[in-house]
Amino acid sequence: MVRASSACIRRPTRATSPPSRNGGSRRTGRISASLPGGSPPARVSYLDSLRGLAAVQVLLLHFATGLLPGLALSTPKQGTLAGFVHASPLFVLYDGYSAVYLFFILSGYVLTLAFQARETRPLPALAGRLVRLGLPALVAGILSATIFAVFGGLNPEVGRLVDSTWYAHLWQPTLGVTNLVKDVVVSGLLLGYLPVEPWMGLLPGWRLTLDVSLSAPLWTLSVELYGSVLIWLLVALERRGVWPWRIGLAVALLLLLRGPYLCFLAGHLMARHRFAERAPVVARLPALLLILGGLALCVMAEFRMLPPVTAFCAANLPLVPCSPGGLQQKIYGSLLVFVGLVQLPWLRQALQARWARGLGEISFSLYLTHWPLLFGPVAALVLALQGPLGLPPARLLAIVAGLALSFALARLFLPVDRLAVRLSRRVQGRRPAISRS
């Protein structure tokens, strides 16, 4: 979507709990799968589950904004139940904005592990990321164009019925190969949509606005791509020695303290110290306070920004600009939430449940494919049912059906996602990293 005190720190100790069946520690939640050649693990199972839960948050936010707009757009001052829900902790369940920043933190973490485990030259690394992100995005774009050819033009009428300007004005693409390239490749993958990243003033004639995109969630892919480049550079500097890495990190932090790339840097720093895998270093109560504080920042950002965040965003500094609206505050809140979450051993274990791992497996597919379903078949279902049933039952049934269709399509899309992973690894031709210590 566009729009600890030292007393709390415990000295890290080696996990002593017995290994679980998957070969990892029960306490750390580490997976047993290693990359070929005996390299260290490149993924942590429960982090994939977190990504799946974040994808569900994005899904629920889009459905709420489209068909129950009061839950995402109203305020308590309006005196409606939806406005109070929006301002309450319940909003966390569908705060897809903050979930996107959790995606970026997770990407910074897992990409650091992957690049550390396998040494990759720059051009193959970039090509691999282009394949990994671009192939599923391109197929999702073609899928959206196909659905639009059948159901296009229905969402404006439904938007007027449910009083959702957001739903009425999005998903207005122009079909054609040229538009597909502009949408998925140029705007989605390479340069960002207008005006999401106005500081990238390249090829304005080839960059689209989100209202005419086949799939607005593609806006995050350019951030993911350049975040990947940033992580690769930091890992490459680390191989040259600690001081090149420190200098590179300091420069990156000075330039990127504002905006979404801070999430990648935070993920990288935590991965370097295996923060999500090692025994927790923060006690349970402080970890819970970090989570609650971060969630409070994220919910509060829907209505107001804290004065320090406002002042920092307004300061005339040689930094990338803040994310618009209250999104910068959500970045800081998401960082606090992530740090707290990975410090709770019981949560690590719970997130390795089968259902949670299943969500992690379909997370990218769900993120890419739900958009045309929401604006196409779901709109058609609302129009078909609102005559015999009335509008309230029609949109509730359409929401339930749309959510079910979204999960089903995400599962069907999995072969595309897996193919992208295999091709990406082949393109990168990664070899085991050589220790220089």
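In this structure, Arg258 has no salt bridge (charged side-chain N to carboxylate O under 4.0 Å, His left out) partners at least two apart in sequence or on a different chain. Listed by chain and residue number, Leu135, Arg422, Leu423 satisfy the side chain to side chain contact (heavy atoms under 4.5 Å, CB included) test with Leu419 (two or more places apart in sequence, or in another chain). Residues passing the salt bridge (charged side-chain N to carboxylate O under 4.0 Å, His left out) test with Arg411 are Glu361, sequence neighbours excluded. When the ring-ring contact (aromatic ring centres under 6.0 Å, His included) test is applied to Phe151, no partner is found at least two apart in sequence or on another chain. With sequence neighbours excluded, no residue satisfies ring-ring contact (aromatic ring centres under 6.0 Å, His included) with Phe338. Scored by the side chain to side chain contact (heavy atoms under 4.5 Å, CB included) test, Pro76 finds Phe84, Ala87, Phe303 as partners (sequence neighbours excluded). For the salt bridge (charged side-chain N to carboxylate O under 4.0 Å, His left out) test, residues two or more places apart in sequence or in another chain that qualify with Asp95 are Lys330. With sequence neighbours excluded, no residue forms a side-chain hydrogen bond (donor to acceptor under 3.5 Å, both in side chains) with Gln172. For Thr146, the side chain to side chain contact (heavy atoms under 4.5 Å, CB included) partners at least two apart in sequence or on another chain are Ile142.
Leu405 places none of its side-chain heavy atoms less than 4.5 Å from the side chain of Val378. Contact annotation: the side chain of Arg118 never approaches that of Arg425 to less than 4.5 Å [non-hydrogen atoms, C-beta and beyond]. Residues Gln57 and Ser98 fail the side-chain proximity criterion, which asks for heavy atoms closer than 4.5 Å. Considering only heavy atoms from C-beta on, Ser406 comes within 4.5 Å of Leu59 through its side chain. Taking 4.5 Å as the limit, every side-chain heavy atom of Leu265 sits out of range of all side-chain heavy atoms of Ile231. Leu412 places none of its side-chain heavy atoms less than 4.5 Å from the side chain of Thr369.
With rounding to the nearest 0.5 angstrom, the CG atom of Asp211 is 10.5 Å from the CG atom of Leu194. Atom OG of Ser45 and atom CZ of Arg348 lie 10.5 Å apart (nearest 0.5 Å).
Counting only distance, with no hydrogens or angles, the side chain of Arg207 and the backbone of Gly192 share a donor-acceptor pair below 3.5 Å. Using modelled atom types, no side-chain atom of Ser187 and backbone atom of Val184 make a donor-acceptor pair closer than 3.5 Å. Although no hydrogens or angles enter the test, the distance criterion places a donor-acceptor pair under 3.5 Å between the side chain of Ser74 and the main chain of Gly83. Looking only at distances, no side-chain donor or acceptor of Trp166 sits under 3.5 Å from a matching main-chain atom of Pro69. Counting only distance, with no hydrogens or angles, the side chain of Asp48 and the backbone of Gly360 share no donor-acceptor pair below 3.5 Å. Without hydrogens or angle criteria, Arg357 side chain to Gln352 main chain gives a donor-acceptor distance under 3.5 Å. Judged by distance alone, the side chain of Thr65 and the main-chain N or O of Tyr167 form no donor-acceptor pair under 3.5 Å.
Judged by a 6.0 Å distance limit and a 45° cone about the ring axis, Arg272 is positioned over the six-membered ring of Trp245.
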With ring pair (Phe, Tyr, Trp, His ring centres under 6.0 Å) as the test, would you mind laying out the steps for Tyr261 and Tyr226 before giving the verdict?
CA-CA 8 Å; Tyr261 296 100; Tyr226 296 115; 7.3 Å; no

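Contact between Tyr193 and Ser215 at its shortest, heavy atoms only, is OH-O, 4.2 Å.
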Return a table of donor-acceptor pairs under 3.5 angstrom between the side chains of residues 102-113 and protein atoms on other chains or two or more places apart.
from, atom 1, to, atom 2, distance (Å)
Ser107, OG, Phe103, O, 3.1
Ser107, OG, Glu224, OE1, 2.9
Ser107, OG, Glu224, OE2, 3.0
Tyr109, OH, Phe275, N, 3.2
Tyr109, OH, Ala276, N, 2.9
Tyr109, OH, Glu277, OE2, 3.0
Thr112, OG1, Gly108, O, 2.6
Thr112, OG1, His268, ND1, 3.0

Show every donor-acceptor pair shorter than 3.5 Å between a side-chain atom in residues 288-301 and any protein atom, with sequence neighbours excluded, or say none if there are none.
none

Determine all donor-acceptor pairs shorter than 3.5 Å in which one atom belongs to a side chain in residues 123-131; sequence neighbours excluded.
from, atom 1, to, atom 2, distance (Å)
Arg129, NE, Ser228, OG, 2.9
Arg129, NH2, Ser228, OG, 3.4

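Relative ring orientation between Tyr94 and Phe91 is described as perpendicular, the plane-to-plane angle rising above 60° on a 0-90° scale split at 30° and 60°.
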